[in-house]
Amino acid sequence: MENDIRIYVEDAPGQRRELEAPTDMGLSLMELLKANDYPIQATCGGMALCATCHVEILAGPPLIEPSDDEWAMLDTLPVLHETSRLSCQIRLQPNLDGLVIRVADPA
Amino acid sequence: MSAVISTDICIIGAGPVGLFAVFEAGLLKLRCHVVDALPQPGGQLSEIYPKKPIYDIPGYPEILAGDLIDNLMKQIAPFHPTFTLGERVESFAKLDDGSFRLTTTDGTEVQCKAVAIAGGLGSFEPRKPAVENLERFEGGKGVHYMVRDPEHFRGKKIVIAGGGDSALDWTNFLANVASEVTLVHRGTTFRGAADSAEKVQKLHEAGKIKLVLSSNVTHLHGNGHLQEVTITGNNGQAETVPLDAFVPLFGLTPKLGPIGEWGLGLENDAVLVNTEDYSTSLPGVYAIGDINTYPGKLKLILCGFHEAALMCQGAFKYIYPDKKYTLKYTTVNGAPSL
Ligand SMILES: Cc1cc2nc3c(=O)[nH]c(=O)nc-3n(C[C@H](O)[C@H](O)[C@H](O)COP(=O)(O)OP(=O)(O)OC[C@H]3O[C@@H](n4cnc5c(N)ncnc54)[C@H](O)[C@@H]3O)c2cc1C
Ligand code: FES
């Protein structure tokens with residue numbers, strides 16, 4: 001589809017899986033990952049309340065800064081990376097084409 | 001360790017569904033004991049979203065999750081349920097007479113005639129920081145992942161680690177209880193909860209607590225009991241701090257845990273049940289709420305309530321195979337009591 005974008009998930013070093021994602025359905029990155037059977041719990045269903053959808057951004061277009069709620073939740077994690085994000089807070093939009101991420105280890 | 005607790009139904013999990021099961025059991029004059037790994041009742045509602053409004057509870061156009069739990073506690077109070085909180089049910093034995101004996105992490109024993117597993121997504125377990133030797137000091141030897149009883153820390157020297165709500169809130173609270181509180185946070189600022197972060201900052205400026213930013217607790221030391229921790233700055237500088245307790249607070253996350261090892265029929269980490277009475281593959285053991293699965297299952301509070309009502313009918317028949325029961329409306333009997 002013309003609105004589709006490509007997201008790359010690094011499953012292991014140097015090994016990237018390409019996911020095609022629609023941008024006209026209001027999906028979040030968390031929902032895309034779940035739909036592709038990545039083992040994230042997403043206990044809270046995308047409300048930035050559980051931090052079980054933690055990902056690391058490796059490369060790609062710049063993202064909108066996290067909201068206060070997202071920061072607050074990220075701060076609860078024992079391990080945080082420079083570019084950690086909650087995937088449920090990232091809306092799939094056309095400007096995210098080419099984003100490269102890694103799913104963080106579940107804590 | 002206290003004497004064995006004896007009851008009719010032992011409910012594993014004090015989430016909304018486990019709590020409502022107490023009510024339905026009470027209508028059948030069955031007594032309940034409820035065990036939960038969390039220090040407070042309410043399951044996901046108290047732990048994850050106490051301040052969020054729920055819109056699909058029949059009769060409530062809108063109700064805060066925390067208020068729904070308060071209401072459930074009020075609703076079941078006439079049936080005098082008893083609780084063991086802050087302990088996880090570990091194991092489970094069926095005795096020859098068809099009754100059950102459950103044992104918790106702290107060795108509490110519950111003797112009951114039927115078991116209702118209302119374990120939700122599993123028991124809430126702490127996220128643990130990557131610190132060597134952490135496990136060695138668990139179980140009363142100095143590492144605490146939850147504050148169950150603040151009094152436990154009275155007059156003690158404690159180090160709290162974490163940057164979220166609970167780390168900030170407990171730092172503020174324990175500043176007046178413990179003799180010395182140090183808060184260690186990996187970041188340079190606290191980006192969430194502005195109010196509690198400001199309080200922590202003020203306590204620090206007033207010399208009431210120590211605040212160590214851009215740092216992590218990296219090593220634990222002690223012979224038997226924890227005696228010292230090493231705090232290492234992001235710049236590599238390390239200091240060693242003597243203490244009585246280390247309290248890493250990095251939130252809790254549900255894990256299926258022991259329920260998965262009890263030999264019950266499972267599918268995708270959920271307990272398979274018969275929807276006639278929500279019985280599991282083991283007679284006398286029932287599973288209700290988010291923990292169970294069956295064709296058409298919806299993980300909703302509403303559905304769990306319905307399951308609780310049918311489950312209690314099944315448990316009643318299991319406990320009293322010869323007694324006949326006819327449904328009575330609560331309106332007929334008036335205010336509920338045991
Ligand atoms: C952010 C969010 C929003 C939601 N919104 C809605 C909504 O609008 N409407 C709706 O209907 N549902 C909603 N839900 C789902 C709803 O919260 C769940 O369906 C509900 O909590 C299930 O209740 P439960 O009693 O089965 O389990 P839980 O609430 O998960 O409680 C289970 C309890 O069992 C304990 N436990 C598990 N194993 C053990 C053990 N071995 N020993 C001791 N204790 C144990 C756990 O610690 C936990 O406290 C939402 C969920 C979340 C996270
Ligand atoms: S799904 Fe819970 S924080 Fe993202």
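Computed from a prediction, not measured in an experiment: that's the story for all the values here. Letters A, B, ... mirror the listed sequences (proteins, then strands); counts begin at 1.
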Task: Part of B/P254 within contact of chain A (heavy atom distance under 4.5 Å) - done: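 Answer is both: backbone and side chain atoms of B/P254 are under 4.5 Å from chain A.
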
Task: Region of B/L121 in contact with chain A, defined by heavy-atom distances below 4.5 Å - done: side chain

Determine whether more than 12 heavy atoms belonging to other residues, nucleotides or ligands lie under 6.0 Å from atom [atom1] of [X].
X: B/E205; atom1: CD; answer: yes
X: B/Q237; atom1: CD; answer: no
X: B/Y294; atom1: OH; answer: yes
X: B/N235; atom1: CG; answer: yes
X: B/K199; atom1: NZ; answer: no

Task: Shortest non-hydrogen contact between A/L74 and B/R186, atoms and distance - done: O-NH2, 3.6 Å

Open item on the list: On a heavy-atom basis, which atom in B/P129 and which in A/P78 lie closest, and how many Å separate them?
Closed with: CA-CB, 3.7 Å

TODO: Determine yes or no for a side-chain-to-main-chain donor-acceptor pair under 3.5 angstrom, with B/Q44 supplying the side chain and A/T43 the backbone.
DONE: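 No, because the side chain of B/Q44 does not come within donor-acceptor range (under 3.5 Å) of the backbone of A/T43.
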
Open item on the list: With a 3.5 Å distance limit and no angle check, can you tell me whether A/D75 reaches the backbone of B/F190 through a side-chain donor-acceptor pair?
Closed with: no

Open item on the list: If you define the side chain from C-beta out and look only at heavy atoms, does anything of A/M47 sit under 4.5 Å from B/I48?
Closed with: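 Counting from C-beta outward, A/M47 and B/I48 never come under 4.5 Å.
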
Open item on the list: I'd like to know which of B/A161, B/A130, B/G163 tops the heavy-atom pair count under 4.5 Å against chain A.
Closed with: B/G163

- [ ] Please state whether the side chain, the backbone, both or neither of A/E70 comes within less than 4.5 Å of a heavy atom of chain B.
- [x] neither

Open item on the list: Distance check, rounded to the nearest 0.5 Å: B/K51 atom NZ versus A/L49 atom CG?
Closed with: 12.0 Å

